[in-house]
Protein chains: 2
Amino acid sequence: MNPKYEQQMKKGVLEMLVLKRLESEPKYGYQLISELREESGGMFTLKEGTLYPILYRLEDERLVESRWSEPKGKEVSRKYYGITEKGNEELRELTELWRSFAAHVNEMTGNNKVTGNEEVQEG
Amino acid sequence: MNPKYEQQMKKGVLEMLVLKRLESEPKYGYQLISELREESGGMFTLKEGTLYPILYRLEDERLVESRWSEPKGKEVSRKYYGITEKGNEELRELTELWRSFAAHVNEMTGNNKVTGNEEVQEG
DNA sequence: CTCCTATACTTAGTATTGCTAAGTACATTC
DNA sequence: GAATGTACTTAGCAATACTAAGTATAGGAG
């Protein structure tokens, strides 16, 4: 199948996933790329050209704030992104939107029980 | 919240939903718009300018086939779209892709077990 | 020192796609 | 015949994942 569909499905959820990853603590770009790749089993393997524009958009909307690290010794300087209060709020709303959206789509694709504890008749 | 996110989330799933609606029988454009709106509780309220380009793309990919109705009496002529064998196959693959995708996103948003019996701390 | 690799960030440009807005055509209603 | 409702078409816009190239620094190989 066309990888096109998977690419398109990602639209609108990557920002939510990035915000979610920043919920616990500030992180830098490459770190986010690694974590998203590992935790998704490879499904969310973002290139820099995908992630950084997302971070810039989030920053423009004041959902995250960035600061450059002061490199200790010969460390490379890194730009850490931390979620703001507004970002936390947006994350909650985005998560709700996603759940509602996914529930509707599941229902309309015949996948109508998504509560997670039913036995699903496959095929 | 920005309606932008909802718009973006739709990308990549509308084609699946349209194919799904054609699984049972051929339908025409306006009919699909009505059904999608009704069955989604309004979430998928497509304008013609959204639906028809989708149908044309599906037709280009040989996932659906269209034929003009022969209007009986003074009926308006309608263009009926029917799913092809290739379309059925694509629908199965798309549905699987969606389930896998949604499962990953749910897991990564901490929505991994929604058994429905947890107590949720509301903000 | 130069060359290569790895890390880390930036940015210009492309393709896809949902949407807006306008248009055509026909039938019915007023 | 003007307005309304149905049905389809299309030009153009906006948003965004991706490609591809670039900058900069550090460390190692030669």
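So that the names make sense, note that chain A is the first sequence line, chain B the second, and so on, each numbered from 1.
- Between A:Phe44 and B:Phe101, the distance separating the two ring centers is shorter than 6.0 angstrom.
- Distances shown here put a side-chain N or O of A:Arg57 below 4.0 Å from the OP1 or OP2 atom of D:dT16.
- Taking every side-chain heavy atom of B:Trp68 into account, D:dT9 is the closest of C:dT10, D:dT9, C:dG18.
- Two residues, B:Gly49 and A:Thr50, neighbour DNA chain C, and the one matched to the more 5' nucleotide by heavy-atom proximity is A:Thr50.
- For the OP1/OP2 pair of D:dT9 and a distance below 4.0 Å, the side-chain nitrogens and oxygens of B:Tyr52 include no atom meeting the criterion.
- Salt-bridge formation is detected for the pair A:Arg21/A:Glu39: a Lys NZ or Arg NE/NH1/NH2 atom is positioned less than 4.0 Å from an Asp or Glu carboxylate oxygen.
- OP1 or OP2 of D:dT19 lies within a sub-4.0 Å distance of a side-chain N or O belonging to A:Lys47.
- A salt bridge does not link A:Lys86 with A:Glu89: none of the charged nitrogens is closer than 4.0 Å to a carboxylate oxygen.
- If you check distances only, the side chain of B:Glu48 does reach the base of D:dC8 with a donor-acceptor pair under 3.5 Å.
- In terms of modelled atom types and a separation under 3.5 Å, the side chain of A:Ser100 and the main chain of A:Glu96 share no donor-acceptor contact.
- B:Arg67 has its CZ atom 12 Å from the P atom of D:dC8, to the nearest Å.
- For B:Gln7, the side-chain atoms get nearest to C:dC19 when compared with the rest of C:dT17, D:dC18, C:dC19.
- B:Lys79 has a side-chain polar atom (N or O) that falls below the 4.0 Å cut-off from OP1 or OP2 of D:dT9.
- Judged by distance alone with a 3.5 Å cut-off, a donor-acceptor contact links the side chain of A:Lys11 to the base of C:dT16.
- Rounding to whole angstrom units, CD of residue A:Gln8 and C1' of C:dT14 are separated by 13 Å.
- The side chain of B:Tyr28 contributes an N or O atom lying less than 4.0 Å from OP1 or OP2 of D:dA7.
- In this structure, the nucleotide among C:dT17, C:dC9, C:dT10 sitting nearest to the side chain of A:Arg78 is C:dC9.
- The nearest whole Å value for the distance from the OH atom in A:Tyr56 to the P atom in C:dT11 is 6 Å.
- For A:Tyr30 and C:dT7, the shortest distance from a side-chain N or O to OP1 or OP2 is not below 4.0 Å.
- Toward the 5' end of DNA chain C, the nearer of the two residues A:Lys4 and A:Pro53, judged by each one's closest nucleotide, is A:Pro53.
- The pair A:Glu85-A:Arg62 fails the salt-bridge criterion, with no side-chain N (NZ, NE, NH1 or NH2) lying under 4.0 Å from an Asp/Glu carboxylate O.
- Look at CE on B:Met9: it is 13 Å from P on C:dC19, rounded to the nearest Å.
- Put simply, the side chain of B:Lys10 never gets that close to the backbone of A:Met9: no donor and acceptor are under 3.5 Å apart.
- One can place OH of B:Tyr5 at 11 Å from P of D:dA15, the figure rounded to the nearest angstrom.
- Regarding B:Leu46, its CG atom lies at a distance of 10 Å from the C1' atom of C:dC19, rounded to whole Å.
- To the nearest angstrom, C1' of C:dC9 lies 13 Å from CG of A:Leu32.
- Protein atom CG of B:Asp60 is 12 Å distant from nucleotide atom P of D:dT9, rounded to whole Å.
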